[in-house]
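Inspection log for the structure reproduced underneath, given as structure tokens.
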Amino acid sequence: MDRIPFLATHAGARYDEMPALPVAVLLDNVRSLYNVGAFFRTADAARLEKLYLCGITGRPPKRAITKTALGAEQTVAWEHRDDPAALAGALRERGYEIAAVETAVHAVDLFEWTPCFPVCLIFGHEMDGIRAELSALSDTHVRIPMLGAKHSLNVATAGGIVIYELLRKYRGRGPALR
């Protein structure tokens, strides 16, 4: 069976006129280059605006990023920033809702969240989470429902879930977006 790119199928037609998803991702201290590469690939697949790589987060060119991104590091807009707090503040001034994705007690359920586009999603260190100062700067805290014995997901997996839920919600806004 031949594989056909999604956008070449009839189902892909509904996305033809959709602009870039007004979502940026701020990765702060994400230590795994494979996770960074996975974010690049998801950012390309969902047509995100930009990736911001902060703290110890690796940045291209790195072999492990390329291995997972499969070239998406060449198609996705990205930049490195030394100060993620200043970046979050600047994005807020430009009208972005700053949303920390974390398993905090006060976080809203992803499926109940009504985002205010444009949105900047913050993801933090795989073990330590989002730094306290970034968490405090966030307008919203969002959690993915965890129904099993484990209380968290791999950061890149969590990113894919949240990004595609935002794509679903944005698309659901109807013709006004086009």
Side-chain angles (χ1 to χ4, degrees), residues 3 6 11 21-60 62-70 72-73 76 78 81 84-85 87-88 91 96-173:
R3 292 181 358 173
F6 179 74
L21 184 62
V23 173
V25 170
L26 188 163
L27 300 180
D28 185 47
N29 290 334
V30 173
R31 68 175 192 239
S32 167
L33 297 177
Y34 297 109
N35 283 334
V36 175
F39 268 100
F40 269 101
R41 191 142 168 221
T42 301
D44 177 76
R47 202 181 305 145
L48 293 190
E49 285 182 358
K50 194 167 202 173
L51 284 179
Y52 293 97
L53 310 175
C54 302
I56 66 166
T57 303
R59 51 193 186 268
K62 294 277 191 285
R63 190 168 161 198
I65 291 174
T66 300
K67 180 177 180 165
T68 311
L70 293 179
E73 74 279 16
V76 172
W78 68 272
R81 291 289 190 98
L87 171 61
L91 289 170
Y96 282 76
E97 176 181 5
I98 309 300
V101 180
E102 58 185 348
T103 56
V105 175
H106 60 282
V108 64
D109 186 295
L110 171 63
F111 303 123
E112 294 172 6
W113 175 37
T114 304
C116 296
F117 293 100
V119 173
C120 175
L121 299 171
I122 299 176
F123 294 90
H125 187 274
E126 289 91 338
M127 297 300 292
D128 300 333
I130 295 170
R131 288 191 252 183
E133 59 269 23
L134 273 179
S135 182
L137 288 170
S138 298
D139 302 309
T140 306
H141 296 78
V142 179
R143 75 174 176 280
I144 298 169
M146 300 299 300
L147 309 180
K150 301 300 174 188
H151 303 290
S152 67
L153 291 167
N154 168 275
V155 67
T157 301
I161 291 167
V162 175
I163 290 165
Y164 269 86
E165 177 62 7
L166 286 175
L167 177 60
R168 186 190 69 80
K169 288 177 178 181
Y170 188 70
R171 193 189 94 193
R173 295 172 55 173

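For this chain, numbers begin at 1 and follow the sequence in order.
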If the plane angle is over 60° it's perpendicular, under 30° parallel, otherwise tilted; pick one for His141 and His106. perpendicular
Audit row: Glu165, Tyr170, side-chain hydrogen bond (donor to acceptor under 3.5 Å, both in side chains) steps and yes/no: CA-CA 9 Å; Glu165 177 62 7; Tyr170 188 70; over 6 Å; no
For the residue pair Ser135 and Glu102, confirm or rule out a side-chain donor-acceptor distance under 3.5 Å. yes
Run the numbers on Phe39 and Val25 for side chain to side chain contact (heavy atoms under 4.5 Å, CB included), then give the verdict. CA-CA 9 Å; Phe39 268 100; Val25 170; 4.0 Å; yes
Listing, residues 109-120 side-chain donor-acceptor contacts under 3.5 Å, not counting sequence neighbours, or none:
unit_1 : atom_1 : unit_2 : atom_2 : d
Asp109 : OD1    : Phe111 : N      : 2.8
Trp113 : NE1    : Glu97  : OE2    : 3.2

Determine, step by step, whether Phe123 and Asn35 satisfy the side chain to side chain contact (heavy atoms under 4.5 Å, CB included) criterion, reporting the C-alpha distance in whole Å, the side-chain angles of both residues, the deciding distance to 0.1 Å, and the verdict. CA-CA 11 Å; Phe123 294 90; Asn35 283 334; over 6 Å; no
When you compare the side chain of His125 with that of Val30, does any pair of heavy atoms fall below 4.5 Å? no
Contact between Thr66 and Phe40 at the side-chain level, heavy atoms closer than 4.5 Å - yes or no? no
Pick one: which of Leu137, Leu26, Ile122 meets side-chain contact (heavy atoms from CB on, under 4.5 Å) with Ile98? Ile122
Stepwise side-chain hydrogen bond (donor to acceptor under 3.5 Å, both in side chains) check, Ser32 with Glu126: CA-CA 8 Å; Ser32 167; Glu126 289 91 338; 4.6 Å; no
Closest non-hydrogen atom pair, Ala88 against Leu134: CB-CD2, 4.4 Å
Val76 vs Leu48, test: side chain to side chain contact (heavy atoms under 4.5 Å, CB included). Steps then yes/no. CA-CA 8 Å; Val76 172; Leu48 293 190; 5.9 Å; no
Validation row: Val23, Leu167 side chains within 4.5 angstrom (heavy atoms): no
In the structure I gave you, are the side-chain heavy atoms of Tyr96 and Glu49 within less than 4.5 Å of one another anywhere? yes
Give the minimum heavy-atom separation between Glu73 and Pro60, together with the two atoms involved. CB-CG, 3.8 Å
Testing the basics here: between Leu21 and Ala46, what is the closest heavy-atom pair and its distance to 0.1 Å? CB-O, 3.7 Å
For Gly58 and Leu33, the nearest pair of non-hydrogen atoms, with its separation, is CA-CD2, 3.6 Å
Please report the interatomic distance OG(Ser152) to CD1(Ile144), rounded to the nearest 0.5 Å. 10.0 Å
Those residues that, when tested against Asn29, pass side chain to side chain donor-acceptor pair (under 3.5 Å) (two or more places apart): none
Test your reading of the model: is there a side-chain donor-acceptor pair from Thr57 to the backbone of Cys54, 3.5 Å cut-off? yes
Give the intermediate values and the outcome of side chain to side chain contact (heavy atoms under 4.5 Å, CB included) for residues Ile56 and Arg31. CA-CA 6 Å; Ile56 66 166; Arg31 68 175 192 239; 4.0 Å; yes
Tell me whether Arg59 at atom CZ has more than 12 heavy atoms from other residues, nucleotides or ligands lying less than 6.0 Å away. no
Strictly distance-based, threshold 3.5 Å: is any side-chain N or O of Thr42 a donor or acceptor partner for the main-chain N or O of Ala38? yes
